[in-house]
Amino acid sequence: MLAPVHSVPVQLGCRSYAIKIGTGLLARLGDECARLKLGGRCAIVTDTNVGRRYAKEAFNTLATNGFSPSLIVVPAGETAKSLKTVRTCYDLLAAHRLERKSFIVALGGGVVGDLAGFVAATYLRGIAFVQVPTTLLAQVDSSVGGKVGVNLKAGKNLVGAFYQPRLVLCDLDSLKTLPEREYRAGLAEVIKYGIIYDAKLFAQLERDLPKLLRRTPGTLAGVVARCCEIKADVVGQDETESGLRAILNFGHTYGHAIENISGYGKYLHGEAIAIGQVAASRLSARVLSLPEREVDRIASLFKRTGLPVSIKLAAPQRRKLLAAMKLDKKVSGGEIKFVLAKRIGRVRFGCKVTPDLVEQALDP
Ligand SMILES: NC(=O)c1ccc[n+]([C@@H]2O[C@H](COP(=O)([O-])OP(=O)(O)OC[C@H]3O[C@@H](n4cnc5c(N)ncnc54)[C@H](O)[C@@H]3O)[C@@H](O)[C@H]2O)c1
Ligand SMILES: [Zn+2]
């Protein structure tokens, strides 16, 4: 089924660009790049899983439109987001003689987008790049907002830049091959947008969840577009995270700590922040009087999505979790800073909470 193409503008002055969302968009990649008047040589950066399925089509559409693409395939998975891979990419770009006017296409999930974006931001002090996100998480979150970067042994995303793409193409067809678990994890970020910004979106998700779980393009198109609009709006007001952008971290203080203590890999990011958002909602009930009924609606939507909503921890693990949260950036004077909800659709950031309340909110 064909879905109408939605176009969401990201307004950042001379660095403004569009996010296009629809079906059959990969086939239009070359045409879209030609409209942007990008230089002739380009490199498609992708990973083994995505490359196998979609690199050929990306390559052909670019070649048909007069570009000379080369292909860089990195291993699938978080380990590719490293300085070692960055270096490999630089060497290949140089070997393919990419120049100032050349550009990079990031074809893949958040890993490829963050990596290729960082390479684009730094190679020859910055060349253009286009994002073609192929996971739900990348379409609604990582491809929007211009954060690019890689991991160090000491932690995730410790090296990076703010660097905006020239275009984002979200082809909903690519989601058809995404593993079920990855897809549902992406829905955790979708639900987050409802909670932090848009009660109507939240109610639509409650209503349309069965269609979303079936990945119906018509429903997905509107929902993905709304999420991009919200993120673009927030980023447009606070590009470099000095204030408002913090609301995008709803559920993430708990979520990051859960990922951290359970060893990266046990929970997908979306699963950890599903648990985190439910805990943050309980905390919101205590601190900001979020009505219990709304806490229940939130927990129930995550459950219906097939995401975990709680975590059982023995006492030593619980202590580790709290310690991990205190290590997170958001601590001042022994109190941890949280994004909390007043109502579904309305949150506040910078709410200071004592550790005992933080711990209590872990239990239903
Ligand atoms: N820049 C930002 O603002 C931002 C925001 C959120 C997350 N991130 C980053 O995003 C990364 C996570 O992104 P992700 O969840 O997309 O993970 P990912 O890129 O690792 O993709 C998940 C898995 O799905 C596979 N895959 C991707 N598209 C597919 C498709 N269409 N069909 C079949 N398989 C496919 C990948 O090969 C991989 O195995 C993390 O590194 C995180 O730090 C960045
Ligand atoms: Zn997240």
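In listed order, ligands and their atoms are each counted from 1.
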Validate the cation-pi geometry between R215 and Y183: distance from NZ or CZ to the six-membered ring centre under 6.0 Å, angle to the ring axis within 45°.
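So R215 does make the cation-pi contact.
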
Which one holds for [X] and ligand 1: side chain close, backbone close, both close, or neither close, with close meaning a heavy atom under 4.0 Å?
| X | answer |
| --- | --- |
| H269 | neither |
| D47 | side chain |
| L268 | neither |
| T134 | both |
| K231 | side chain |
| L175 | neither |

Heteroatom distance test ([X], ligand 1): nitrogen or oxygen, under 3.5 angstrom:
| X | value |
| --- | --- |
| K147 | yes |
| T135 | yes |
| S174 | yes |
| V111 | yes |
| V112 | no |
| D141 | no |

Considering only N, O or S atoms, which atom of E189 is nearest to the Zn ion (ligand 2)?
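Of the nitrogen, oxygen and sulfur atoms in E189, the Zn ion (ligand 2) lies nearest to OE2.
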
Please identify which atoms of ligand 1 are closer than 4.0 Å to at least one heavy atom of [X].
| X | answer |
| --- | --- |
| K156 | 40 (C), 41 (O), 42 (C), 43 (O) |
| N157 | 43 (O) |
| E182 | 22 (C), 23 (C) |

Assess R53 for proximity to ligand 1: is some non-hydrogen atom of it under 4.0 Å away?
yes

Hey, what's the ring geometry for F338 with Y254, parallel, tilted or perpendicular (30° and 60° as the breaks)?
tilted

